[in-house]
Amino acid sequence: MPLLKIENLHHTYEDGTPALNGIDLEIEPGEFLAVLGSNGSGKTTLIKHLNGLLRPTLGRVLFTGKPIESVADREVFSRIGIVFQDPNDQLFASTVEEDVAFGPTNMGLAPQQVKERVHEALHRVGMEDFARKSIHALSHGQKKRICVAGILAMAPQVIILDEPTAGLDPMGVHSLMHLLEDLNKKQGVTMIMATHVVDLVPLFMSKIAILSKGRVLRFGTPGEVFGDAEAIEKAKLHLPLIAELMNILKTRDHVKLHHIPLTVGEARREILRLLSVQDVIERV
Amino acid sequence: MPLLKIENLHHTYEDGTPALNGIDLEIEPGEFLAVLGSNGSGKTTLIKHLNGLLRPTLGRVLFTGKPIESVADREVFSRIGIVFQDPNDQLFASTVEEDVAFGPTNMGLAPQQVKERVHEALHRVGMEDFARKSIHALSHGQKKRICVAGILAMAPQVIILDEPTAGLDPMGVHSLMHLLEDLNKKQGVTMIMATHVVDLVPLFMSKIAILSKGRVLRFGTPGEVFGDAEAIEKAKLHLPLIAELMNILKTRDHVKLHHIPLTVGEARREILRLLSVQDVIERV
Amino acid sequence: MAMSGPVRRSLPPPFAKGGGLAVCFLVLVMGVILVPANAAAMHISEGILPAGWALFWFLAAAPFVALGVRQINRRKKIDPMYIPLLGIFGAAVFVFSCFPIPVPVAGSTAHPAGTGLSAIFLGPFASVVIAFLSLLLQALFLAHGGLTTLGGNTFSMGVVGSFGAFGAFLLTRRLGLPLFWCGFAAGVAADLLTYLSTSLELALALHGDHSFWGVLGQIYLAFMPTQIPLALLEGAVTGGILVYVRRNRPDILRKVGLTREAAT
Amino acid sequence: MSGAHQFIDAQGDSRRLLVALDGRVKLVLLLAALLVNLLAGGLRVPLLLLLLAAVLVMAAGVPPRAFAKRMAVPVLIALVALLTQLFWVKDGELLLRVPLLAWEWLITSGGVRRGLELALRILGGMGVLLFFALTTPLPELLRAARFFRCPPVLVELAMIMYRYIFLLLEEGVRVRNAQKSRLGYVSPRAGLNSSAILGGMLILRTFDRAERNFAAMLCRGYRGALTDVMTRPLPKRDACVLLFGLGLLLTIFTLR
Ligand SMILES: Nc1ncnc2c1ncn2[C@@H]1O[C@H](COP(=O)(O)OP(=O)(O)OP(=O)(O)O)[C@@H](O)[C@H]1O
Ligand SMILES: Nc1ncnc2c1ncn2[C@@H]1O[C@H](COP(=O)(O)OP(=O)(O)OP(=O)(O)O)[C@@H](O)[C@H]1O
Ligand SMILES: [Mg+2]
Ligand SMILES: [Mg+2]
């Protein structure tokens with residue numbers, strides 16, 4: 001049974017904007033799903049349906065087979081953690097420590113345990129030195145990290161992140177992505193992440209859904225989806241930079257590539273293969 | 001005379017955080033400067049000094065040779081436009097149109113002119129269909145575009161952008177960057193842009209300043225700065241992806257590269273050069 | 001002033017609409033800034049009411065607060081978003097009534113009450129609770145007003161202010177006046193009634209050997225020059241906000257159950 | 001930007017005993033002190049309380065200037081109160097006749113006594129209150145309130161309000177800065193227009209942000225009890241402080 005099943009989901013905002021126009025998706029336990037799409041394509045709106053913050057205009061969302069509005073709030077919120085797009089929407093306590101402790105405290109953990117979790121979570125996002133700092137005195141990227149820490153501290157089974165990497169420095173992006181990968185691979189946490197950074201996707205995600213105008217345009221593995229240049233174009237995305245380079249080499253310069261590599265590692269192997277042919281020739 | 005000159009700038013926040021610890025920088029008219037740095041390195045704090053929103057604890061900022069606090073507000077704010085990092089810090093009117101019209105109206109333009117400018121600015125960021133929409137009903141990326149439009153409509157001589165591309169879709173990033181490049185090249189607008197997207201820098205910027213812990217770690221052209229892998233590492237950045245690939249090929253695999261290409265175009269040429277050597281051999 | 005410095009810098013002006021209003025408003029702000037004792041104690045200060053009167057006003061205000069709490073509890077169960085709604089109006093009342101204008105007689109200060117707004121949006125009972133809490137927070141964190149005088153202040157600003165404003169609003173709606181004027185009436189009523197009852201409380205407690213009525217009259221006279229313009233201003237601001245909200249965010253009016261008002 | 005947060009948060013050094021003290025103890029002592037102040041009568045008790053408050057404020061690590069400046073207003077109010085009593089109380093022997101235009105103002109010893117009493121009562125009470133305000137963080141206080149069976153919804157609301165006051169002030173500062181950077185206050189006319197927009201938008205923006213924030217709280221398991229009931233036993237140190245404090249207040253009361 002899929003963990004989350006979205007059936008014919010429509011959402012029209014009060015002012016008449018049709019933000020979602022029939023989304024069908026199934027998310028299996030343990031998956032790492034990337035939701036890609038241009039600005040205004042409906043990613044945030046979709047995500048807000050996944051824990052019941054918004055109610056569908058039509059269609060429904062099933063969580064472990066049951067309509068999500070019929071599952072107790074307490075269960076939904078403790079099993080699904082959401083990192084919002086705008087950190088100012090998410091942080092509300094006055095200090096970092098208090099904010100991160102909020103979720104675990106509400107889960108009824110003992111103070112000592114809460115403390116440990118807070119420490120652990122802050123450590124994981126590289127913010128342990130900021131525990132006592134006021135939230136309003138953090139930089140934007142620092143706030144985003146605290147948002148993630150607040151969810152990590154609750155140890156949910158599903159983590160949904162709305163552009164968690166926007167505004168993080170490159171090192172922060174990498175350590176966050178590795179952290180998420182770890183959680184996903186080792187602890188089986190299901191991950192759903194809306195993002196614009198196509199370069200990350202092939203490195204970490206197992207599935208991609210491309211949204212466009214409130215519909216799912218493509219759904220599949222990175223290889224499948226990025227193979228479809230037309231869909232990518234249509235969704236106002238572009239190929240990962242490496243793929244772009246290799247694609248140009250292949251299509252314009254007729255370099256003989258077996259496939260289009262998506263990551264630095266793959267590209268390196270491919271280029272070496274090409275060059276080693278050369279080496280061989282040279283040696284001959 | 002540099003357009004903006006920053007001399008020994010220090011800023012310590014009220015809670016004692018030393019955010020800037022002696023910045024010296026000179027920004028020439030017509031330059032396109034990238035400010036890179038990890039989260040919390042002081043980019044936003046620096047930018048807020050450049051139009052006098054924050055006052056230095058020590059040191060000073062000169063605008064066309066005069067201390068910025070001695071220049072009339074009207075002149076500073078009409079000649080220097082700032083796009084804030086968080087769109088909610090920037091947008092305050094109730095509809096898109098009203099917000100974009102705010103600056104030009106205050107400049108004393110005639111209503112007709114204001115209207116034209118608003119239309120033009122919205123067109124440039126691809127949001128002309130949203131003129132009448134409420135600000136609070138926009139998606140995050142849409143808000144970011146409106147922020148840029150609000151500044152474009154004022155046609156300032158210096159545009160300072162604090163991570164304008166964070167949260168934009170890839171197509172949006174490219175069109176924004178080309179728009180900024182156009183303004184910079186054709187109309188001579190001086191650009192200062194804080195960003196984390198190292199991949200963009202070599203394509204568009206003429207100068208880079210890397211901040212770390214409130215100090216300028218490196219200042220120079222992209223070629224110079226990205227040549228210094230140690231500084232990049234220290235500032236928690238990484239090389240542009242293409243540069244990373246080529247760097248690995250060069251250092252680990254001992255592929256004979258003349259230099260490290262930073263962009264797709266450069267890399268393509270370099271790879272073709274390597275392969276054509278092979279082609280030549282093959283043909284031989 | 002270490003404390004009032006930040007207040008002055010950071011307190012946003014209250015809510016105004018239109019140019020004329022903004023003028024009044026700037027005058028008000030200038031006034032506040034120019035008066036040396038700008039972060040003056042609000043309401044009746046700690047220590048002014050003798051124990052007997054303090055207790056009396058606590059008893060007088062208690063039933064209203066209790067009823068308000070009951071009502072809030074009930075609505076909260078139906079609509080979880082009711083709490084943030086209350087919170088935001090509470091914050092508004094708090095900030096609103098942070099613009100004190102010292103009155104040279106009677107050891108109290110004049111200031112806008114803000115309860116007109118909360119009474120319209122939340123109803124009088126919830127508004128009493130909101131006023132009670134913002135007075136409490138002001139006493140505890142700004143040392144404005146006082147704890148033993150909390151009962152007295154709640155009675156005048158919360159009970160009399162809210163019910164007066166709500167009554168005025170209902171009445172003017174009945175009469176079919178435009179939304180702005182209904183808000184205006186509510187604001188004026190909230191403000192004036194609050195001060196009438198504050199003066200009453202002061203006169204009852206402090207009149208000494210003078211006749212109660214004489215003292216009451218003197219206090220009214222002292223409040224008059226600041227309070228009348230202030231009441232008009234508060235009325236205008238309250239009306240302005242109502243209209244502004246209707247124009248820009250009718251959904252908020254709908255949310256708080258003023259739907260029919262929004263339609264007119 | 002952070003001015004909003006400084007004006008209302010506790011000022012003292014959080015490591016010192018007087019600031020870190022259990023909220024329940026503080027609340028009890030505060031109420032006891034205010035009652036003593038109100039009931040004692042005379043001049044000596046309020047004066048002692050005022051001195052005590054001043055000393056304690058210093059001991060808590062609050063800059064003396066902060067205390068002195070915030071006491072300025074109560075002093076003003078106390079003076080005014082003193083004056084009114086000189087007017088309104090005619091008791092005891094006549095001390096002074098002050099000619100006031102066509103009329104004569106009689107100052108009596110009873111008036112002076114009552115006036116001084118009232119003035120000192122105000123100063124004593126405000127001093128104690130200010131000490132409390134300057135050294136107690138709100139969450140601590142709310143936990144204490146829950147312990148004393150305050151209705152949970154009131155505690156919850158107080159906490160939310162407290163938070164939203166900052167939101168409101170923060171939004172105000174943000175909007176003002178945004179307007180300023182786009183020539184919002186360069187001319188009186190622009191200033192007027194900007195203030196009007198600021199005023200109008202402020203409540204709407206704060207409302208939206210408050211709603212989104214609250215949704216985020218719900219997502220993290222918030223169920224209305226922002227502060228758990230404080231069940232932990234009173235630490236010995238705090239119990240001692242409580243006993244000592246009550247003893248001190250009793251002593252002061254008997255000195256009247
Ligand atoms: N509260 C709202 N009221 C009305 N329309 C809205 C509201 N929120 C979003 N919309 C509209 O719905 C559409 C989808 O918005 P959504 O926020 O889901 O986009 P998104 O994919 O998250 O975009 P981004 O990448 O910019 O974050 C957009 O056109 C937006 O303008
Ligand atoms: N209002 C404030 N009060 C106190 N400290 C602050 C405040 N604003 C920022 N800081 C601190 O100053 C340092 C620099 O912050 P700044 O916002 O300039 O960083 P930044 O380079 O813009 O980071 P980011 O990439 O995350 O936006 C950070 O350590 C931050 O915590
Ligand atoms: Mg979004
Ligand atoms: Mg920043």
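Letters go in sequence order (proteins before strands), and every chain restarts at 1.
By the neighbour-count criterion of 12 heavy atoms within 6.0 Å, atom NZ of B/K133 is densely surrounded, having more than that number from other residues, nucleotides or ligands. When the shell of 6.0 Å around NE2 of B/H10 is examined, it contains more than 12 heavy atoms from other residues, nucleotides or ligands. Residue D/F244 qualifies as open at atom CZ: its count of foreign heavy atoms under 6.0 Å is 12 or below.
In this structure, chain B has no heavy atom under 4.5 Å from any part of D/E171. Both the backbone and the side chain of B/N88 have a heavy atom closer than 4.5 Å to some heavy atom of chain D. With a threshold of 4.5 angstrom between heavy atoms, B/I82 does not approach chain D through any atom at all. Only the side chain of B/I151 comes within less than 4.5 Å of a heavy atom of chain D; its backbone N, CA, C and O stay farther away. Using a 4.5 Å cut-off between heavy atoms, B/N51 contacts chain D through its side chain alone, with no backbone atom that close.
When side chains are defined from C-beta on, D/L30 counts as touching D/L129, because their heavy atoms get closer than 4.5 Å.
Between D/L246 and D/A32 the shortest heavy-atom distance is CD2-CB, 4.1 Å.
When the candidates B/P156, B/S78, B/P104 are compared by the number of heavy-atom contacts under 4.5 Å with chain D, B/S78 comes out ahead.
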